[in-house]
Structures are given as structure tokens and as C-alpha cells.
**Q** 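Dumping the structure here so I can ask a few things about it.
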Amino acid sequence: MKIGLIGLGKMGYPLALNLRDNGYEVVAYNRSPEKTENIINEGVEGAFSLSELAEKLEDKKIFWMMLPAGDPIDDMIEQLIPYVSKGDILIDGGNSHFEDTKIRHSYLKEKGISYIDIGTSGGVEGARNGACMMVGGDFETVSALEKAFTDICVTDGYAYVGASGSGHYVKMVHNGIEYGMMQAIGEGFEVLSESEYDIDFAKVAKLWQNGSVIRGWLMELTEQVFLDHKENLEDIEGIINASGEGLWTVEEALRLGVPVPVIASSLFTRYRSQQKDTFSGKLLAGLRFQFGGHAMKTKDD
Ligand SMILES: NC(=O)c1ccc[n+]([C@@H]2O[C@H](COP(=O)([O-])OP(=O)(O)OC[C@H]3O[C@@H](n4cnc5c(N)ncnc54)[C@H](OP(=O)(O)O)[C@@H]3O)[C@@H](O)[C@H]2O)c1
């Protein structure tokens, strides 16, 4: 089985190496040539254009995209159309919106091309050494690739989850849960930091990895943050970006009428973290001054 890996970013590059190490032939392509040159130096076959990539693949071509969600995926599909034919397979291993995936699946199905969606978890380290993959798409096509998915994932870290879009759907909810869990960890440690005790945060994060109810990878990473950074994290700015999946989880929950207060609140906390001051905060301070004469700090104070 020969796989054309498109997009050698933080995830695609290690995934290509993971596939290669598990005995799969990989041809790696990236929009800008430097990353392709780097991976060639690691012994992976490279291609500097999509036509070269297609030429180097077998008759039944498999393209695996690791690209940002949205337009880059649609653009890439259009660029690949001249090189794909009936029976070929396209995989989107990024964090695409499941509704976009369903549309792309139907569009390609009309042309006889299979479209598989993979929600990939485990970060960069997982992509390199064993990921967790939730896979959606037509069962027959996924079944034909199942061995490769199993090989590059950790034990029991691969599952077929259903029809087209379901892989990305399950990954979307996974990321929503991730938002909430991270938020709870952050808040818990903030309480510890304000407490009357002089607590060693790294020590507690390490302790909680062993036998506690809240043990897990996020707790390992929490320990690492405290080990890597200054006490009280003074060297980190508390700005948290949100790449979309938390928002999509909340939007879907609203559509379904499912209450998700924890995930919604952790999403809004991220938005709030990106603001220096807020219009609502200013207005509230002004209102309290108006009705009660409560102290209001102005810029001139
Ligand atoms: N990072 C993670 O922990 C993680 C985990 C799970 C899933 N994901 C998902 O996996 C996908 C890839 O993520 P990543 O972290 O690897 O991203 P990344 O490091 O930003 O890399 C993106 C890659 O896509 C290429 N690219 C961007 N726009 C393109 C376009 N319009 N046409 C062609 N190539 C384009 C870039 O090429 P250039 O080098 O030319 O810019 C780059 O190689 C995303 O959907 C992401 O949400 C990421």
C-alpha cells in the first residue's frame, strides 16, 4: 500500500514517518518545498508537485490530507481532481467540520472516489508514535485501510465510528470535552495558587497521575508546564486560542437542545482571555456608579 501524504506540518510530518516506520510506502508532499526536502533527508520519498505525487502512487491512489480545515481542503480537492479516478481514495485527517465532510463525500462519490474522514487525536507525539483515530466513511473503503490505521495507532486507539462525517463529528465532541477538562484543571490549580498553603504544583500534578480519579495525559502535561516554566507561570501570557471545534460542539449542542454549560463556559473563557479589557466590564462599572455611586476607575485615575 502506497500513501500520498499531503501537508507536512506539525501533524502530517510525524504521521508520514509513523506510516513509513510501520512498513507503508509513503510519498510526501508539502505546499512549500522545505518540509518535503527535510523528510526526503529522513529517507521518505518526496514529491514537489501534485502531478509528481500522483505519478509516484500506485494505480489505486490513496491521498491523505493533513491540512487546516476549511478552504485549504476544498482547494486541495479541486487541485487533485485532475489526478484522481474511479476507485481512488481521499482521506481528510484534519479537524474539518463534519457538515463540510458530508458535502465533500457526496461530491466525490458522484465521481466514484471514496472520501474518508479521520479525527486524529494524541497531538504531535501521537502522530509520530501511535495516535488515536476515529474514522468515518463508507464501511467497505475504511475496512480496506483498517490494517494501516490499526498499525499507526496505539493499541485499541483506532475505531470505525460510522458513516461519512462521523469521524470528524466524534473528534469535534472530543475536543469540546478537552476544552472542559483543561478548564477544570486550570481553575483547580488557580485555587491552589491562591490558597494559604505553599503548594508545589508540579509535585501535586505528578501525584495526581498515580491512582487518582483525575489521572491522565492532561495531568502529565500539567506537571510538564510547571516544570518548564517559572513559579506561578509568570513567563506565560494567559491568552488561550480556540481553533473552532469547541465552538462547533456548542453550536451542535444548541441545535440539538443539549445543555453543555461546562464546554460553553470554557469556550467563552478562551474568548475572554483574548481581550485586554471588555466593553461589558466598562458598562457594568459605569452602571454601578450610576445607581449606587460605587467606585469606578477611569483611565485618568
Ligand atoms: N497540531 C495538533 O495537535 C493537531 C491535532 C489533531 C488534529 N490536528 C489537525 O490536523 C490538521 C493539520 O494540523 P497541523 O497542526 O499539522 O497544521 P500545521 O502545522 O499548521 O501545518 C499545516 C500544513 O498544511 C499546509 N497548508 C496550509 N494551507 C494550505 C493550502 N491552502 N494548500 C496546501 N497546503 C496548505 C502547510 O503548508 P506550508 O508549509 O506550505 O505552510 C502545512 O504543511 C489540521 O486540520 C489540525 O486542526 C492538529
Side-chain angles (χ1 to χ4, degrees), residues 3-19 26-42 44 46-54 63-83 90-101 104 115-136 149 152-154 157-158 161 165 167-179 181-182 217-218 220-221 224-225 240-249 270:
I3 295 166
L5 207 303
I6 300 174
L8 304 175
K10 290 185 288 297
M11 292 296 284
Y13 194 104
L15 198 65
L17 296 177
N18 185 355
L19 280 161
V26 177
V27 189
Y29 163 83
N30 194 65
R31 177 178 61 180
S32 47
E34 297 79 19
K35 290 173 186 157
T36 311
E37 280 155 11
N38 291 344
I39 210 162
I40 289 172
N41 289 333
E42 296 208 48
V44 174
F48 291 94
S49 66
L50 292 175
S51 62
E52 186 188 354
L53 176 65
F63 294 98
W64 188 324
M65 299 180 285
M66 287 307 289
L67 301 173
D71 290 343
I73 296 289
D74 285 319
D75 294 347
M76 185 52 66
I77 290 173
E78 283 316 307
Q79 289 176 61
L80 285 172
I81 291 292
Y83 306 111
L90 248 72
I91 301 172
D92 176 3
N95 285 337
S96 293
H97 195 288
F98 72 99
E99 292 288 9
D100 292 341
T101 299
R104 291 163 186 152
Y115 196 64
I116 294 178
D117 50 293
I118 303 185
T120 312
S121 184
V124 174
E125 140 73 20
R128 181 66 186 91
N129 297 312
C132 171
M133 293 187 173
M134 38 227 97
V135 182
F149 298 149
I152 62 169
C153 287
V154 294
Y158 154 78
V161 291
H168 285 153
Y169 192 96
V170 173
K171 178 69 190 333
M172 171 187 80
V173 175
H174 164 285
N175 281 24
I177 293 171
E178 185 182 296
Y179 275 46
M181 289 173 73
M182 287 171 64
W217 193 41
L218 285 174
E220 288 174 40
L221 298 177
Q224 201 56 50
V225 173
I240 325 153
N241 290 321
S243 54
E245 300 234 303
L247 168 65
W248 298 343
T249 307
R270 291 187 179 206

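Whatever order the structure lists ligands and atoms in, that order sets their numbers, starting from 1.
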**Q** How does Leu8 reach ligand 1, if at all, at less than 4.0 Å between non-hydrogen atoms: by side chain, backbone, both, or neither?
**A**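 Answer for Leu8: backbone.
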**Q** Go through ligand 1 atom by atom and flag the ones less than 4.0 Å from a non-hydrogen atom of Pro72.
**A**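 In order of number, 30 (C), 31 (N).
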**Q** What protein heavy atom is closest to atom 18 (P) of ligand 1, reported as residue, atom name and distance in Å?
**A**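 That would be Lys10 NZ, 3.7 Å.
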**Q** Quick one: does any side-chain atom of Asp117 pair with a main-chain N or O of Gly167 as donor and acceptor, under 3.5 Å?
**A**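 Yes; judged by distance alone, with no hydrogens or angles, the pair exists.
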**Q** Nearest heavy-atom pair of Ile152 and Asn18: which atoms, and what distance?
**A**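 That would be O-ND2, 3.1 Å.
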**Q** Pull out every atom of ligand 1 sitting under 4.0 Å from any heavy atom of Met76, numbered as shown with elements.
**A**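 It comes down to these atoms of ligand 1: 33 (C).
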**Q** Identify, for atom 47 (O) of ligand 1, the protein heavy atom at the shortest distance, and state residue, atom and that distance.
**A**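 For atom 47 (O) of ligand 1, the nearest protein heavy atom is Asn95 ND2, 3.0 Å.
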**Q** On a heavy-atom basis, I'd like to know which of Glu125, Met65, Met11, Lys35 is closest to atom 2 (C) of ligand 1.
**A**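 Residue with the shortest heavy-atom distance to the ligand atom: Met11.
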**Q** What atoms in ligand 1 come closer than 4.0 Å to a heavy atom of Thr120?
**A**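 Ligand 1 atoms under the 4.0 Å threshold to Thr120: 6 (C), 7 (C).
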**Q** Do any N or O atoms from the side chain of Ser96 and from the backbone of Asp92 form a donor-acceptor pair under 3.5 angstrom?
**A**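 Not at all, since once roles are kept as given, no pair shorter than 3.5 Å links the two residues.
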**Q** Of the protein's non-hydrogen atoms, which lies at the shortest distance from atom 21 (O) of ligand 1, and what is that distance?
**A**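 Among all protein heavy atoms, the one nearest atom 21 (O) of ligand 1 is Gly9 CA, 3.3 Å.
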**Q** Which heavy atom of the protein is the closest neighbour of atom 45 (O) of ligand 1, given with residue, atom name and distance?
**A**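 Result for atom 45 (O) of ligand 1: Leu67 O, 2.8 Å.
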**Q** Should Val124 be counted as touching ligand 1, given the test is an N or O pair under 3.5 Å?
**A**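 By distance alone, the answer is no.
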**Q** For residues Arg104 and Gly70, report the shortest heavy-atom separation together with the two atoms involved.
**A**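 Answer, listing the atom of Arg104 first, then Gly70: NH2-O, 3.4 Å.
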**Q** With atom 37 (O) of ligand 1 as the reference point, say which of Leu15, Leu50, Asp74, Asn30 has the nearest heavy atom.
**A**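 Selected option, by shortest heavy-atom distance: Asn30.
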**Q** Is the side chain of Glu52 donor-acceptor paired with the backbone N or O of Phe48 at a distance under 3.5 Å, no angle test?
**A**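 Confirmed, Glu52 side chain pairs with Phe48 backbone.
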**Q** Run the ring-centre check on Tyr115 versus Trp64 and record whether the distance is less than 6.0 Å.
**A**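 Judged by ring-centre distance (under 6.0 Å), Tyr115 and Trp64 do not meet the cut-off.
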**Q** Short question: side chain of His174, backbone of Met134 - any donor-acceptor pair under 3.5 Å?
**A**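 Checking the backbone N and O of Met134 against the side chain of His174, no donor-acceptor pair under 3.5 Å is found.
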**Q** Would you say ligand 1 has an N or O under 3.5 Å from any N or O of Arg31?
**A**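 Min N/O separation from ligand 1 is below 3.5 Å for Arg31.
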**Q** Please find the pair of heavy atoms, one from Ala16 and one from Ile39, that lie closest to each other, and give the distance.
**A**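 Closest heavy-atom pair between Ala16 and Ile39: CB-CD1, 3.7 Å.
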**Q** Quick check on contacts: which atoms of ligand 1 are under 4.0 angstrom from a heavy atom of Gly94?
**A**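 Per the distance check, 9 (C), 10 (O), 11 (C), 45 (O).
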**Q** Please report the interatomic distance NE2(His168) to CD(Glu245), rounded to the nearest 0.5 Å.
**A**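 Spacing of NE2 (His168) from CD (Glu245) equals 8.0 Å.
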**Q** Heavy-atom contacts with Ser32 under 4.0 Å: which atoms of ligand 1 show up? List them by number with element.
**A**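 Every atom of ligand 1 under 4.0 Å from some heavy atom of Ser32: 38 (P), 39 (O), 40 (O).
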**Q** In terms of residue, atom name and distance, what is the protein heavy atom nearest to atom 22 (C) of ligand 1?
**A**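 Looking only at protein heavy atoms, the one closest to atom 22 (C) of ligand 1 is Pro68 CD, 4.0 Å.
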**Q** Below 3.5 Å, N or O to N or O, backbone or side chain included: is there any such pair between Lys171 and ligand 1?
**A**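 It does not: no N or O of Lys171 is found under 3.5 Å from an N or O of ligand 1.
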**Q** For the backbone of Lys35 and the side chain of Asn30, can you confirm whether one donor and one acceptor N or O come within less than 3.5 Å of each other?
**A**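 Here the side-chain-to-backbone pair does not exist.
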